[in-house]
There are 2 protein chains.
Amino acid sequence: MTETEERPYHHGSLRDELLSTAEQTLREHGQDELSLRELARRAGVSHAAPRRHFRDRQALLDALAITGFERLGAQLETAIEAADDGFSPRLHATVGAFVRFATRDAALLELMFSTKHRDGAEEVREAAAAAFGPLPGLMEQGQAEGLLAAGTSSRAGIMLLATVLGIATLINGGMVGSERLDELVDAAVDQFLRGNRPS
Amino acid sequence: MTETEERPYHHGSLRDELLSTAEQTLREHGQDELSLRELARRAGVSHAAPRRHFRDRQALLDALAITGFERLGAQLETAIEAADDGFSPRLHATVGAFVRFATRDAALLELMFSTKHRDGAEEVREAAAAAFGPLPGLMEQGQAEGLLAAGTSSRAGIMLLATVLGIATLINGGMVGSERLDELVDAAVDQFLRGNRPS
DNA sequence: ACCTGAACACCGTTCAAGT
DNA sequence: ACCTGAACACCGTTCAAGT
C-alpha cells in the first residue's frame with residue numbers, strides 16, 4: 001500500500017525534499033547546523049547524492065534564499081489583495097506581512113539579505129526584485145491618492161523596505177525587545193507617511 | 001634586534017593577535033572562511049592554543065562583534081564631536097558615520113546584528129547598547145531645538161538606526177546599487193526629520 | 001598560566017563505478 | 001540521468017602532557 005516502505009534507487013523528488021528539510025533545519029537550528037551530509041542522511045540517500053542537485057553548499061543556501069523570496073512575494077501579494085482598495089490599508093497590510101515573515105523566520109531572513117549573494121547568485125537578486133515587484137505600484141497609488149509626494153516611487157519603496165527590514169533585524173538580533181514590534185511598525189508607517197507626503 | 005625572530009613559548013598577546021587577524025579575514029574572505037585552526041597557524045601557534053582565549057568558535061565571533069560595536073561607538077562619538085553644535089549637523093554626522101562603517105565592513109556588520117547573539121552573548125547586546133548610547137541624547141537635543149516631536153526620544157533613535165541599518169543591508173546584499181547610497185541616506189535623514197517634527 | 005600533540009567525530013568536495 | 005562508496009583535505013573540540 002504505502003510506497004515509502006522501500007525507497008527506489010531514484011528518489012524522484014530529492015531536490016524538493018532537501019530544500020524543505022533544509023528550510024526546517026534552518027528555522028530550528030540555524031545556518032551553522034545546516035550540513036549537506038545531514039540532509040542526505042535525513043532523506044535516506046548517500047552523502048554524495050545532493051551533488052546532483054546543488055553544486056555545493058552555497059548553491060543550496062542560494063536556493064533557500066530564492067524560495068524564501070518567492071514565499072515572501074506571495075505573502076505580500078496576498079496581503080495586498082486581502083486589504084481594502086485604498087493606499088493606506090494596502091500599505092499597512094504590506095508592512096504587516098513583511099514584518100510577520102521577517103520575525104517568524106529570522107534565520108531565513110538573514111540568509112536572504114546576506115552579503116554572500118553579493119558576488120554570483122544573480123538569481124537571488126532577481127528573486128528579491130520579483131518579491132518586491134508590487135511595491136512601486138503601491139507607491140504610485142499613494143501618489144495618485146495624493147498621500148505621497150510625486151517622483152519618489154522607486155526611492156520611497158526602498159526606504160519603506162529598509163525601515164521595516166531594519167526593525168526586524170534589530171528585533172531578531174535581540175537588540176530591541178520583541179514587545180516593541182507593533183509600536184515600531186506603526187511608527188514606521190506613520191513616519192513614512194508624514195515624511196513623504198506632498199508639501 | 002628584532003624580537004620576533006624566535007617566538008617564545010608564551011605568545012604574550014595571542015588573544016589580541018587572533019582577534020585582529022580574524023577581523024582582517026572576516027573583511028577579506030567572509031565569515032565562512034574564518035577558522036580557528038587557520039588563525040592559529042597564522043599566529044604561529046598550535047591549533048589548540050586559541051582554546052585558552054576563546055571557549056569555542058562562537059565565542060570568537062561574539063568577541064569580534066563586541067569589538068565591532070566598540071569601534072562603531074567610538075566613530076559615532078567622534079563624528080558627533082567633530083560636527084557643529086546644532087542638532088541637524090550632528091544628526092547628519094551620526095548617520096554618515098554609521099553608514100560609512102556599515103558599508104565599509106559588510107561582513108562585520110552582518111555578524112554584529114546576527115541572530116546568533118539572540119541566545120547567550122548578553123555582552124554583545126551590552127556592547128551594542130553602549131555604542132548607541134549617544135543617540136537618545138541627540139534625540140533630546142532635537143526636541144529641545146523644536147525639530148523633533150516630544151516623547152519619542154527612545155523610539156526615534158531606534159527608528160533612525162533601523163532605517164540606516166536597512167539601507168546598508170540592502171546595499172551590502174547587492175539588492176540596491178551602491179551608487180544610490182548618498183541619495184538614500186539623504187532621504188533617510190529628510191524623511192526622519194519630516195516624519196518626526198512637531199505638529 | 002599557557003601551550004602542544006594526538007585523537008575523535010564531523011564536514012564539503014571529488015570521482016570512478018554502479019543502476 | 002541519478003545515485004553510491006571510497007578517498008582526501010579540512011574542520012571544531014577534547015584532553016593528557018609538557019614548559
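Proteins get letters first, then strands, A, B, ... in listed order; numbering begins at 1 in each.
The Leu36(B) side chain lies nearest to dT13(D) when the options are dG12(C), dC3(D), dT13(D). Side-chain proximity of Ala48(A) to dC3(C), dT4(D), dT13(D): nearest is dT4(D). Of the candidate nucleotides dT4(C), dC3(D), dT13(C), dT13(C) has the atom lying nearest to any side-chain atom of Arg51(A).
Heavy atoms of His47(A) sit under 4.0 angstrom from at least one base atom. Looking at heavy-atom distances under 4.0 Å, Arg57(B) makes contact with sugar-phosphate atoms alone, never a base. Residue Arg41(B) is classed as a sugar-phosphate contact, given heavy-atom separations below 4.0 Å to backbone atoms only.
Within a 6.0 Å sphere centred on CZ of Arg27(A), other residues, nucleotides and ligands contribute more than 12 heavy atoms.
Look at CG on Leu14(B): it is 19 Å from P on dT19(D), rounded to the nearest Å. Across the protein-nucleic acid pair, Arg15(B) atom CZ and dA1(C) atom P stand 17 Å apart, rounded to whole Å. Rounded to an integer number of Å, the gap from Leu60(A) CG to dC11(C) P is 14 Å. Rounded to whole Å, the distance from CG on Leu34(B) to C1' on dG12(D) is 13 Å. Distance CD (Gln58(B)) to C1' (dC11(D)): 16 Å, rounded to an integer number of Å. Between the C1' atom of dC11(C) and the CD atom of Glu33(B) lies a distance of 14 Å, rounded to the nearest Å. Counting to the nearest Å, the C1' atom of dT13(C) and the CZ atom of Phe54(A) are 16 Å from each other. Atom P of nucleotide dA1(C) and atom NE2 of His53(B) are separated by 13 Å, given to the nearest angstrom.
If you check dT19(C) for Watson-Crick or wobble pairing at under 3.5 angstrom, you find it paired to dA1(D). Of all nucleotides present, only dT13(D) satisfies the Watson-Crick or G-U wobble test against dA7(C), with each distance under 3.5 Å.
For the pair Arg71(A) and Glu23(A), the salt-bridge criterion is met [side-chain N within less than 4.0 Å of a carboxylate O]. Between Arg57(A) and Asp32(B) there is no salt bridge, since no side-chain nitrogen of the basic residue lies less than 4.0 Å from a carboxylate oxygen of the acidic one.
Using cut-offs of 30° and 60° on the angle between ring planes, the pair Phe98(A) and Phe132(A) is tilted.
Projected onto DNA chain C by closest heavy-atom contact, Asp56(A) and Ser13(B) fall at different nucleotides, the more 5' of which corresponds to Ser13(B).
Side-chain N/O atoms of Arg37(B) and base N/O atoms of dT13(D) include a donor-acceptor pair closer than 3.5 Å.
Between the side chains of Ser46(A) and Arg37(A), no donor N or O sits under 3.5 Å from an acceptor N or O.
Ser35(A) has a side-chain polar atom (N or O) that falls below the 4.0 Å cut-off from OP1 or OP2 of dC11(C).
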